[in-house]
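Notes to accompany the following structure.
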Amino acid sequence: MLADLIREFCNTNNYELIENYSASTFLGEMVTTLAFIVKPDRNFFDALEQLSSFLEAKLEAKEIDDSAIEELEGTNVDYVYTDSVDADAVVYFPFIKDYHP
């Protein structure tokens, strides 16, 4: 469910989606998950705010329930990877484990 919403969010807001992103969790566990890229000309904090607003609107419209939002728990700035200030940021979701489209 959350994966579908992230896909819709990326399509609506022109973020590049990565369907099978390999990443590690905070505890070092490797997972295959969903991710999206935030280019250097866009602020990844703004991207997270946009995602939050998008999901909140879906929740208020009763298009989703709280269980989709619960999948976001633990996803925060610590899970965002950037090489440098001028690099793309990859926002990924470790709780969407072993994701395959």
Side-chain angles (χ1 to χ4, degrees):
M1 171 63 113
L2 182 59
D4 294 332
L5 293 169
I6 292 168
R7 187 179 295 105
E8 182 182 344
F9 166 77
C10 289
N11 289 335
T12 303
N13 293 284
N14 294 325
Y15 288 104
E16 182 182 342
L17 184 70
I18 303 171
E19 293 281 355
N20 291 302
Y21 186 73
S22 294
S24 62
T25 66
F26 180 70
L27 299 174
E29 174 188 8
M30 290 301 295
V31 294
T32 300
T33 189
L34 196 65
F36 67 89
I37 296 174
V38 181
K39 297 290 184 185
D41 63 335
R42 297 174 94 171
N43 183 302
F44 72 87
F45 288 115
D46 289 343
L48 294 175
E49 175 61 32
Q50 288 175 337
L51 177 59
S52 176
S53 295
F54 175 83
L55 294 174
E56 185 176 312
K58 294 286 187 181
L59 188 62
E60 288 177 4
K62 303 213 185 295
E63 293 179 33
I64 61 172
D65 59 24
D66 290 336
S67 64
I69 303 300
E70 289 170 7
E71 290 182 68
L72 286 173
E73 284 188 30
T75 304
N76 60 35
V77 179
D78 291 339
Y79 294 114
V80 176
Y81 172 79
T82 58
D83 284 333
S84 70
V85 175
D86 296 327
D88 296 344
V90 178
V91 179
Y92 64 98
F93 306 89
F95 288 113
I96 302 176
K97 294 180 182 179
D98 301 320
Y99 171 78
H100 300 286

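The residues of the chain are indexed from 1 along the displayed sequence. Computed from heavy atoms alone, side chains included, the values below leave out hydrogens, waters and symmetry copies.
- Counting all heavy atoms, side chain and backbone alike, Leu17 lies closest to Ala35 at CD1-O, 3.3 Å.
- Closest non-hydrogen pair, Val38 versus Val91, comes out as CG2-CG2, 4.0 Å.
- Between the CD atom in Gln50 and the OG1 atom in Thr12 there is a gap of 10.5 Å [rounded to 0.5 Å].
- Checked against Glu8 for a side chain to side chain contact (heavy atoms under 4.5 Å, CB included), the options Asn11, Ile6, Leu5 give a single hit: Leu5.
- The CZ atom of Phe9 sits 10.0 Å away from atom CG of Asn14, with the distance rounded to the nearest 0.5 Å.
- Side-chain atoms of Glu56 and Ser52 form no donor-acceptor pair, as typed in the model, at a separation below 3.5 Å.
- When all heavy atoms of Phe93 and Thr33 are compared, the pair lying nearest together is O-OG1, 2.6 Å.
- To the nearest 0.5 angstrom, Lys58 atom NZ is 9.0 Å from Leu55 atom CG.
- The aromatic rings of Phe36 and Tyr15 sit tilted, their planes meeting at an angle between 30° and 60°.
- In plain terms, the two heavy atoms of Glu19 and Leu34 that are nearest each other are OE1-CD1, 3.7 Å.
- Pairing each heavy atom of Ile18 with each of Val90, the nearest pair is CD1-CG1, 4.4 Å.
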